[in-house]
Amino acid sequence: MFALFLFLLITCFAKEIEETLDAADLIAYYGYPVERHYVTTDDGYTSEVQRIPYGRDDRTLDGCSKRPVVFFMHGLFATSYEYLFNLPSQSPAFVFADAGFDVWLGNVRGTEYGLNHTRFHPSEPSFWNFTLYDYSHYDLRQQIEYTLEKTGQKSLFYVGHSQGTTVMFARLAEADAAWQSKIRIFFAMGPTAGFMKPFMPFTLLETDTLQKLIQFVLDGKFGIMPVQIPKSITSTIVDFCSSKYLSFLCTAGFHIASKLEKLGQVNASRIPIILSHFPSTTSTLNMLHWMQIFKYHELRRLDLGEQRNMMAYGQKEAPKLDIGNITAQTILYFSKDDQITDEVDVRDIIMKNMGPGLIENYDLDHFTHLDFAIGLRATDEVYKPMIYRIYKELKMKGC
Ligand SMILES: *[C@@H]1O[C@H](CO)[C@@H](O)[C@H](O)[C@H]1NC(C)=O
Ligand SMILES: *[C@@H]1O[C@H](CO)[C@@H](O)[C@H](O)[C@H]1NC(C)=O
Ligand SMILES: *[C@@H]1O[C@H](CO)[C@@H](O)[C@H](O)[C@H]1NC(C)=O
Ligand SMILES: *[C@@H]1O[C@H](CO)[C@@H](O)[C@H](O)[C@H]1NC(C)=O
């Protein structure tokens, strides 16, 4: 919340065309080919997945008859737009397309790209009856299977940020060898599979209280609903900050923010665009699941309490999603300056528990959690190294 408040404060600039475009229109606006795909899951949610089939100069890779696929999945409160926030020479979706890849941008249910269901309308509580496990088990899994089917490929490269890594950790923990082989390299930015430290207000509730709340929500007694910062708030601040007379307050806010939050990496003139597409929406139930993840220091399915666990999972405890099961090649990008998932979380939870799947990890200086998506240094320090790593993989093992 604090970070968000600062973000709002530093929003100082007038409306740009990019603020009004959705992801696919933005891609077209910058002169890239774009396709909209719709993937319907087994449990009835339809989400839009955007594709940039090739870059502006139509580059191909030596020795590859088809462009290798790179699939991106966004974080909590974000959408695929998080890979498009900066200029084409900086944003990962464009940078990867121009490097010769077939880029696919996934979206989960409940965001503005995932509001359709075969039976439920977003105004009904049952529409919001999901957590990150459902993102992982349905949206992520089926969007990846769809992408492979459409492109006629056997495997793809995956890039996730924050919750976009969590859903892949959860998926791979459950997946058999055949499914794991669909992921050639899993690049995890700000990787999140559990937390060591208490993080207010997420860890404020007692375990029992948390479980009671979850049961109330499941019973439809309260709170199955979207969790969302009203757009009216963000847009009011955008307008306020555009004012000739008041914008000095925003400039002051920016200076405070860059000191406190090390936001030096963010291009201030992109902030109105970022705020027009972030934060997006999730469910109350997902926030409660996140609170459990903070408490349990590991990934589990939603803990419903002993009785309901027996009914839902056939065991008293919520099943653990064991990242020790992961065999897909995984590469981590993290930073001790990440306020959400810091170096300790990554070392003590992910690196300690992962098996031979973990092949490399990069501890970066001065990356906040959001910098992995919007920081200007991310292009040279994260995205381009990933591209060279993929080129190396293709050279060694073929397309
Ligand atoms: C989603 O539902 C709306 C209204 O029912 C409809 O107009 C729209 O075409 C649907 N979109 C997809 C992708 O199915
Ligand atoms: C939510 O889903 C669970 C099963 O996953 C079901 O038992 C419960 O009735 C659902 N609640 C609502 C309000 O749809
Ligand atoms: C993952 O590991 C657990 C043990 O920690 C095991 O019970 C489970 O069957 C494994 N799952 C897969 C898909 O291998
Ligand atoms: C910041 O974004 C603006 C356009 O919104 C662009 O003109 C400028 O070059 C960008 N600055 C950097 C350092 O990338």
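Each ligand, and each atom within it, is numbered from 1 in the order the structure gives. Computed over heavy atoms, backbone and side chain alike; hydrogens, waters and symmetry mates excluded.
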Those residues that, when tested against [X], pass side-chain contact (heavy atoms from CB on, under 4.5 Å) (two or more places apart):
X	answer
Ala78	His74, Glu82, Phe278
Ala99	Phe101, Ile387, Tyr391
Tyr362	Ile331, Tyr333, Glu360

Below 3.5 angstrom, do we get any N/O pair linking Asp219 and ligand 2?
no
Could you say whether the N/O atoms of Leu218 and ligand 2 ever approach to under 3.5 Å?
yes
For the pair Tyr83 (side chain) and Met73 (backbone), establish whether a donor and an acceptor sit closer than 3.5 Å, ignoring hydrogens and angles.
yes
Can you check whether Glu48's main-chain N or O pairs, donor with acceptor, with Arg36's side chain at less than 3.5 Å?
no
Give the C-alpha distance, both sets of side-chain angles, the deciding distance and a yes or no for side chain to side chain contact (heavy atoms under 4.5 Å, CB included) between Lys182 and Lys154.
CA-CA 6 Å; Lys182 296 182 196 301; Lys154 286 202 172 62; over 6 Å; no
Using a 4.0 Å heavy-atom cut-off, which part of Ser126 comes near ligand 2: side chain, backbone, both, or neither?
both
With hydrogens left out, which residues have an atom under 4.0 Å from ligand 4, given that only heavy atoms count?
Leu87, Gln90, Asn267, Ser269, Arg270, Leu376
Testing the 3.5 Å rule here: is there a donor-acceptor pair between the side chains of Gln142 and Tyr45?
no
